[in-house]
Amino acid sequence: MQNLMTGRPNSGIYLASLLLLMLITNPALPQDDWQQTINYKLDVTLDDEAHFLRGQVTIQYVNHSPDTLQQLYFHCWPNAYSSKETPFARQLLENGKTSFHFAEQEAMGFLDSLSFTSNGEPLSHRFRDPHKEIGILALEEPLPPGQRVTVRTPFRVKIPETFSRLGHNKQAYQISQWYPKIAAYDEEGWHPMPYLNQGEYYNDFGRYEVSITLPSNYKVGATGRLQNPAEKQRLQQLSKDTREAMPF
């Protein structure tokens with residue numbers, strides 16, 4: 001790197017760059033960065049007459065933090081649609097959106113039927129808020145750094161009519177934030193938060209294995225790797241037909 005005025009090497013900038021390189025590459029220096037891993041296995045079935053999802057979730061939680069965890073915070077975000085007093089409902093009203101405020105009870109939604117277990121043993125849980133959006137799951141044993149725990153629970157979701165991200169318009173469904181989800185944990189601790197219409201969600205990364213059972217007349221739009229051979233073949237043929245029909 002050179003001084004643009006003299007053309008001579010700028011030793012101060014070079015020294016700073018060298019020190020920065022040493023800081024980045026020296027493996028002897030402490031590495032404090034970490035992130036929890038949460039892997040989900042979900043099996044869910046749609047009831048398109050009563051507008052329910054019924055499912056099971058298996059969650060593997062890997063503790064990469066330096067802390068021993070006594071409990072796991074989790075979200076039940078469909079419960080944002082269970083009352084007209086939730087943070088979601090209040091935010092809609094503050095923004096002048098009144099459809100949810102005046103909605104009938106049958107148009108609203110919720111998540112229930114939780115029964116957590118680990119290694120076949122029941123686990124207790126409680127909710128931190130009156131609307132049951134933020135739960136606290138007590139672990140059977142403390143979870144030390146570097147260890148993992150697997151928990152399971154059934155769950156049921158009443159899908160609301162479409163007021164926000166999660167909803168249905170008759171038999172057309174937009175499904176998001178629909179299962180019990182572990183909250184993010186980082187160097188600042190737990191980050192439980194309510195579901196909102198405006199705003200995004202802070203969560204840890206993980207792997208998802210999802211099985212969705214639907215009536216035969218439905219098509220699914222989703223990310224991930226499709227596992228059904230017949231559906232793969234149908235989509236490949238549709239893509240081929242589309243390309244052949246292109247005028248260019």
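The aromatic rings of Y218 and Y173 sit tilted, their planes meeting at an angle between 30° and 60°.
Between W77 and Y201, the gap from one ring centroid to the other is short of 6.0 Å. Taking the six-membered ring for Trp, F155 and Y179 have ring centres at least 6.0 Å apart. Under the 6.0 Å cut-off for aromatic ring centres, Y81 and F88 qualify, their centroids lying closer than that. The distance between the ring centers of Y73 and H75 does not fall below 6.0 angstrom.
Here E94 does not pair with R90 in a salt bridge; the nearest charged N to carboxylate O distance is not below 4.0 Å.
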Run T37 and H64 through side-chain hydrogen bond (donor to acceptor under 3.5 Å, both in side chains) and show every step you take.
CA-CA 7 Å; T37 298; H64 296 299; 3.1 Å; yes
Check against side-chain contact (heavy atoms from CB on, under 4.5 Å), C76 and I134:
CA-CA 6 Å; C76 290; I134 300 170; over 6 Å; no
Check against side-chain contact (heavy atoms from CB on, under 4.5 Å), T213 and L46
CA-CA 6 Å; T213 301; L46 171 67; over 6 Å; no
Under the side-chain hydrogen bond (donor to acceptor under 3.5 Å, both in side chains) rule, what do Q236 and K240 come out as? Steps first, then yes or no, please.
CA-CA 6 Å; Q236 288 168 355; K240 179 176 180 294; over 6 Å; no
Test Y195 against S164 for side-chain contact (heavy atoms from CB on, under 4.5 Å), laying out the working first.
CA-CA 10 Å; Y195 178 104; S164 182; 3.4 Å; yes
So H168 and E161, side-chain contact (heavy atoms from CB on, under 4.5 Å) or not? Walk me through it.
CA-CA 5 Å; H168 76 93; E161 292 183 7; 3.9 Å; yes
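Smallest separation of non-hydrogen atoms from P160 and G109: CB-N, 3.8 Å. The two residues A183 and D204 have their closest heavy-atom pair at O-OD2, 4.1 Å. In plain terms, the two heavy atoms of E133 and P87 that are nearest each other are OE2-CD, 3.7 Å. A103 and F163 make their closest contact through CB-CZ, 3.7 Å (heavy atoms, listed as atom of the first residue, atom of the second, distance). Nearest heavy-atom pair across P142 and Q70 is CG-OE1, 3.5 Å. When all heavy atoms of Q91 and Q198 are compared, the closest pair comes out as OE1-N, 2.8 Å.
Remark: K158 NZ is packed, more than 12 non-hydrogen atoms of other residues, nucleotides or ligands lying under 6.0 Å away. Atom CD of Q233 is surrounded by 12 or fewer heavy atoms from other residues, nucleotides or ligands within 6.0 Å. More than 12 non-hydrogen atoms from other residues, nucleotides or ligands lie less than 6.0 angstrom from NZ of K232. By the 6.0 Å contact criterion, CG on D112 is enclosed, its count of non-hydrogen atoms from other residues, nucleotides or ligands being greater than 12. The neighbour count for E209 CD, taken as heavy atoms of other residues, nucleotides or ligands under 6.0 Å away, does not exceed 12. The number of heavy-atom neighbours closer than 6.0 Å to CZ of R234, taken from other residues, nucleotides and ligands shown, is above 12. Atom NZ of K41 sits in a sparse spot, with 12 or fewer heavy atoms from other residues, nucleotides or ligands closer than 6.0 Å.
Side chain of T153 to main chain of S115: a donor-acceptor pair is present (N/O by atom type, distance under 3.5 Å, no hydrogens or angles). Side-chain atoms of N228 do not come within 3.5 Å of backbone N or O of A230 as any donor-acceptor pair. The backbone N or O of L235 sits nowhere less than 3.5 Å from a side-chain atom of S239 that would complete a donor-acceptor pair. Although no hydrogens or angles enter the test, the distance criterion places no donor-acceptor pair under 3.5 Å between the side chain of N119 and the main chain of E121. The closest donor-acceptor contact from the side chain of N197 to the backbone of L92 lies at 3.5 Å or more, if one exists at all. Of the possible polar contacts, one joining the D47 side chain to the A50 backbone as a donor-acceptor pair under 3.5 Å is found. In this structure a side-chain-to-backbone donor-acceptor pair under 3.5 Å is missing from T98 to H101. Under a 3.5 Å cut-off, the side chain of S65 and the backbone N or O of D67 do form a donor-acceptor pair. For the pair R54 (side chain) and V44 (backbone), a donor-acceptor distance under 3.5 Å is absent.
By the 4.5 Å heavy-atom criterion applied to side chains, L166 and P78 are counted as neighbours. Residues R156 and L111 have side chains not in contact (no heavy-atom distance under 4.5 Å, counting atoms from C-beta outward). For the pair I182 and I59, the minimum side-chain heavy-atom distance is below 4.5 Å. With a 4.5 Å cut-off on side-chain heavy atoms, I175 and I159 count as touching. The shortest distance between side-chain heavy atoms of T150 and T58 falls below 4.5 Å. With a 4.5 Å cut-off on side-chain heavy atoms, D129 and P194 do not count as touching. Between L53 and T45 the shortest side-chain heavy-atom distance does not fall below 4.5 Å. Side-chain atoms of V157 and F110, non-hydrogen and from C-beta on, never get closer than 4.5 Å to each other.
Annotation: the span from L69 atom CG to L137 atom CG amounts to 11.5 Å, rounded to 0.5 Å. S82 OG to M108 CE: the interatomic distance, rounded to the nearest 0.5 Å, is 6.5 Å. Q60 contributes atom CD, which lies 5.0 Å from atom CG of N39 (distance to the nearest 0.5 angstrom).
Linking Ile, Leu, Val, Met, Phe, Trp and Tyr whenever their side-chain heavy atoms come within less than 4.5 Å leaves V62 and W34 in two separate clusters. Cluster annotation: V210 and F52 are assigned to distinct hydrophobic clusters (Ile/Leu/Val/Met/Phe/Trp/Tyr, side-chain heavy-atom contacts under 4.5 Å, transitive). L42 is connected to L214 through a chain of hydrophobic side-chain contacts under 4.5 Å among Ile, Leu, Val, Met, Phe, Trp and Tyr, so both are in one cluster. Both M193 and I136 belong to a single network of hydrophobic side chains, linked directly or stepwise wherever heavy atoms of I, L, V, M, F, W or Y lie under 4.5 Å apart. Note: the hydrophobic cluster containing W178 does not contain L196 (ILVMFWY, side chain heavy atoms under 4.5 Å, direct or indirect links).
Side chains of S211 and D43: a donor-acceptor N/O pair is absent below 3.5 angstrom, by distance only.
Of the residues listed (Y185, F74, Y202), the one engaging W190 in a ring pair (Phe, Tyr, Trp, His ring centres under 6.0 Å) is Y185, and it is the only one. Of the options Q36, Q147, R148, a side-chain hydrogen bond (donor to acceptor under 3.5 Å, both in side chains) to Y61 is made by Q36 and by none of the others.
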